2 protein chains.
Amino acid sequence: MIKVIIIGSGNVAQHLIAAFQDSQNLGSEIELVQVFSRQTTNLSHLLDYDKITDDWNTLAEADLYIIAVSDDAIADVSSQLPFKNRLVVHTSGSVSLNALDDNNRKGVFYPLQTFSKNKAVDFKTIPICLESENATDFQLLDKVAKAISDKVSAINSEQRKALHVAAVFVNNFVNHLYEIGSEICQEHQVPFEILKPLIAETADKIMVLTPEEAQTGPAKRNDTATIEAHEAFLSNENYLTIYKTLTQSIQHNGKKL
Amino acid sequence: MIKVIIIGSGNVAQHLIAAFQDSQNLGSEIELVQVFSRQTTNLSHLLDYDKITDDWNTLAEADLYIIAVSDDAIADVSSQLPFKNRLVVHTSGSVSLNALDDNNRKGVFYPLQTFSKNKAVDFKTIPICLESENATDFQLLDKVAKAISDKVSAINSEQRKALHVAAVFVNNFVNHLYEIGSEICQEHQVPFEILKPLIAETADKIMVLTPEEAQTGPAKRNDTATIEAHEAFLSNENYLTIYKTLTQSIQHNGKKL
């Protein structure tokens with residue numbers, strides 16, 4: 001058995017705990033032996049009490065320690081670990097491998113997904129991006145990751161940085177555009193529900209077409225009359241700025257081709 | 001039977017033709033009697049030749065004429081119709097009801113979805129936004145729309161304008177952010193595939209959470225260090241402008257709450 005310990009009790013930690021327990025129930029060779037957390041009560045619904053500790057001195061021995069805490073706590077937590085030369089990874093998209101303390105062997109175990117407390121996800125479909133300092137550690141990370149996901153990739157720190165920035169565009173910024181769409185609907189007494197099939201289809205198209213192939217709309221076809229009508233319609237200065245910025249960017253892309 | 005004629009042979013026209021034919025096969029009381037198009041060859045895979053015409057003089061009689069042509073051709077096409085006082089609608093999100101010629105009774109039959117030639121859609125799930133000048137015409141439009149869709153709403157011209165602008169944000173602009181994400185991946189030799197589960201989940205979340213509840217990321221949590229690292233990473237001036245504009249907009253929204 002490969003013994004794993006998770007450190008943390010936030011969203012990512014909780015989803016990882018659930019995923020490892022599911023894989024254990026299906027007979028995988030990965031064993032989640034313990035979880036460390038300052039807030040042990042966060043975890044009582046997920047784990048037996050004897051598997052949770054908030055005391056570094058009672059930390060068990062394991063083949064892999066996964067630090068799933070907020071980005072700015074990673075360096076500090078990794079420096080508090082009461083041992084040396086073991087494999088320690090963090091789960092962040094934006095933190096360098098070298099943020100981890102030099103006392104231990106370093107790695108990254110980054111599940112690229114948006115996790116919400118109130119929405120379950122199928123971990124098998126979540127890409128896990130792995131990085132390590134040496135090949136033996138990579139093999140172990142690969143085994144552990146494949147126990148919970150069907151989409152495991154080797155991604156170095158520079159690539160991971162690119163992925164994280166790209167993820168901000170396709171997740172955080174996209175969701176913000178949903179919010180603007182919802183606010184425009186609210187202002188004009190139209191149910192946002194009417195836009196939901198369009199939102200679903202927009203994401204769905206990208207599974208089979210490239211974004212270039214899928215692009216439609218007034219900016220793409222240089223429909224100046226519609227663009228001007230939309231700009232006149234938008235009374236919110238902020239939305240207008242976003243409308244103009246993204247319209248110009250689409251037109252610019254078109255010219256490039 | 002309610003007799004319907006479609007004028008046009010583009011994406012929307014073709015999807016409507018297929019939807020009406022499906023509903024006819026299932027025994028609905030709507031009959032697609034004819035399609036008018038200058039480019040009759042566009043339709044030969046969809047319809048028997050005797051149902052297609054490119055000659056205004058052979059246009060059949062019907063209860064409803066649906067003009068599914070490009071926005072700037074609507075006024076012109078509607079003025080060429082060789083009859084008076086019949087019900088004529090267009091299918092555009094951004095064109096006013098009054099763009100239609102005064103010779104006939106006016107209406108709008110706007111299916112709010114993004115149509116691609118190479119991707120089938122289930123018309124039943126597509127919202128259709130209806131508008132008419134009088135209640136009798138509305139009842140007829142409602143019957144026709146409900147034969148092909150489960151999501152039919154009365155939407156006036158002002159609301160439709162708002163929906164169309166909102167649709168640009170949640171579809172055209174969202175797709176452009178996918179394109180930027182894809183280009184960032186390409187530049188750094190990361191497969192865009194890794195982002196697809198995130199794209200799917202981002203859209204999926206909106207079906208059960210409000211956009212406000214679903215918002216995450218460095219802008220939302222005011223994580224200045226990550227924002228600065230991302231800005232330093234983006235060498236493309238255009239992407240940097242979009243990053244800054246949308247980050248500020250998310251932060252501004254946060255303060256409003």
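Note on naming: letters A, B, ... go to the chains in the order of the sequence lines (proteins, then strands), and numbering restarts at 1 for each one. These values consider heavy atoms only, across backbone and side chains, with no hydrogens, waters or symmetry-generated copies. Just so we're clear, the structure is a prediction, and the values are computed from it rather than from any experiment.
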Identify which of Thr125(B), Ile180(B), Ile155(B), Asp72(B) forms the greatest number of heavy-atom pairs closer than 4.5 Å to chain A.
-> Ile180(B)
Heavy-atom distances under 4.5 Å only: say whether Phe192(A) touches chain B with side chain, backbone, both or neither.
-> side chain
Looking only at Arg160(A), His164(A), Glu187(A), the option with the highest number of non-hydrogen pairs under 4.5 Å against chain B is His164(A)
NZ (Lys196(A)) with more than 12 external heavy atoms under 6.0 Å | yes
Decide if atom NZ of Lys161(B) counts as having more than 12 heavy atoms of other residues, nucleotides or ligands within a radius under 6.0 Å.
-> no
Provide the closest heavy-atom pair for Ile206(A) versus Pro211(A) in the form atom of the first, atom of the second, distance.
-> CD1-CA, 3.7 Å
Answer with side chain, backbone, both or neither: which region of Val95(B) has an atom nearer than 4.5 Å to a non-hydrogen atom of chain A?
-> neither
Closest heavy-atom pair, Leu198(B) versus Gln113(A), reported as atoms and distance to 0.1 Å, is CD1-OE1, 3.3 Å
Can you see which heavy atom on Asp71(B) is nearest to which on Ser94(B), and at what distance?
-> OD2-OG, 2.8 Å
Audit row: Phe109(B), His90(B), ring pair (Phe, Tyr, Trp, His ring centres under 6.0 Å) steps and yes/no | CA-CA 6 Å; Phe109(B) 191 98; His90(B) 71 63; over 10 Å; no
In terms of heavy-atom proximity below 4.5 Å to chain A, should Arg221(B) be classed as side chain, backbone, both, or neither?
-> side chain
Selection from Thr247(B), Asp204(B), Val170(B), Thr210(B) maximising heavy-atom pairs under 4.5 Å formed with chain A = Val170(B)
Angle class for the Phe123(A)/Phe115(A) ring planes (parallel below 30°, perpendicular above 60°, tilted otherwise)?
-> parallel
Between Leu163(B), Ile126(B), Thr245(B), which has the largest tally of heavy atom pairs under 4.5 Å with chain A?
-> Leu163(B)
Ranking Gln189(B), Lys205(B), Glu213(B), His188(B) by heavy-atom pairs under 4.5 Å to chain A gives rank one to Lys205(B)
Given that the side chain runs from C-beta out, which part of Asn238(B) has a heavy atom under 4.5 Å from chain A: side chain, backbone, both or neither?
-> side chain
Between Ser9(A) and Asn42(A) the two heavy atoms that sit nearest each other are OG-ND2, 3.2 Å
Given that the side chain runs from C-beta out, which part of Val168(A) has a heavy atom under 4.5 Å from chain B: side chain, backbone, both or neither?
-> side chain
At a heavy-atom separation under 4.5 Å, does Val165(B) approach chain A through its side chain, its backbone, both, or neither?
-> both
Heavy-atom closest pair (Thr91(B) atom, Pro111(B) atom, distance to 0.1 Å) is O-CD, 3.8 Å
Chain A contacts, top residue of Glu158(B), Gln159(B), Glu193(B), Gln248(B) (heavy-atom pairs, under 4.5 Å) | Gln159(B)
Looking at Asp223(A), Val121(A), Ile184(A), which makes the most heavy-atom pairs under 4.5 Å with chain B?
-> Ile184(A)
Can you say whether Phe173(B) sits under 4.5 Å from chain A via the side chain, the backbone, both, or neither, judging by heavy atoms?
-> both
Residue selection (most heavy-atom pairs with chain A, distance under 4.5 Å) from Gly181(B), Gly217(B), Pro197(B) = Pro197(B)
Could you check Phe169(B) against Tyr178(A) for ring pair (Phe, Tyr, Trp, His ring centres under 6.0 Å), going step by step and ending with a plain yes or no?
-> CA-CA 7 Å; Phe169(B) 279 87; Tyr178(A) 297 159; over 10 Å; no
Which atoms of Thr226(B) approach chain A - backbone, side chain, both or neither, heavy atom under 4.5 Å = side chain
Chain B contact via Ala229(A) - side chain, backbone, both or neither, heavy atoms under 4.5 Å | neither
Ignoring hydrogens and angles, state whether a donor on the side chain of Glu179(A) or Asn175(A) is under 3.5 Å from an acceptor on the partner side chain.
-> no
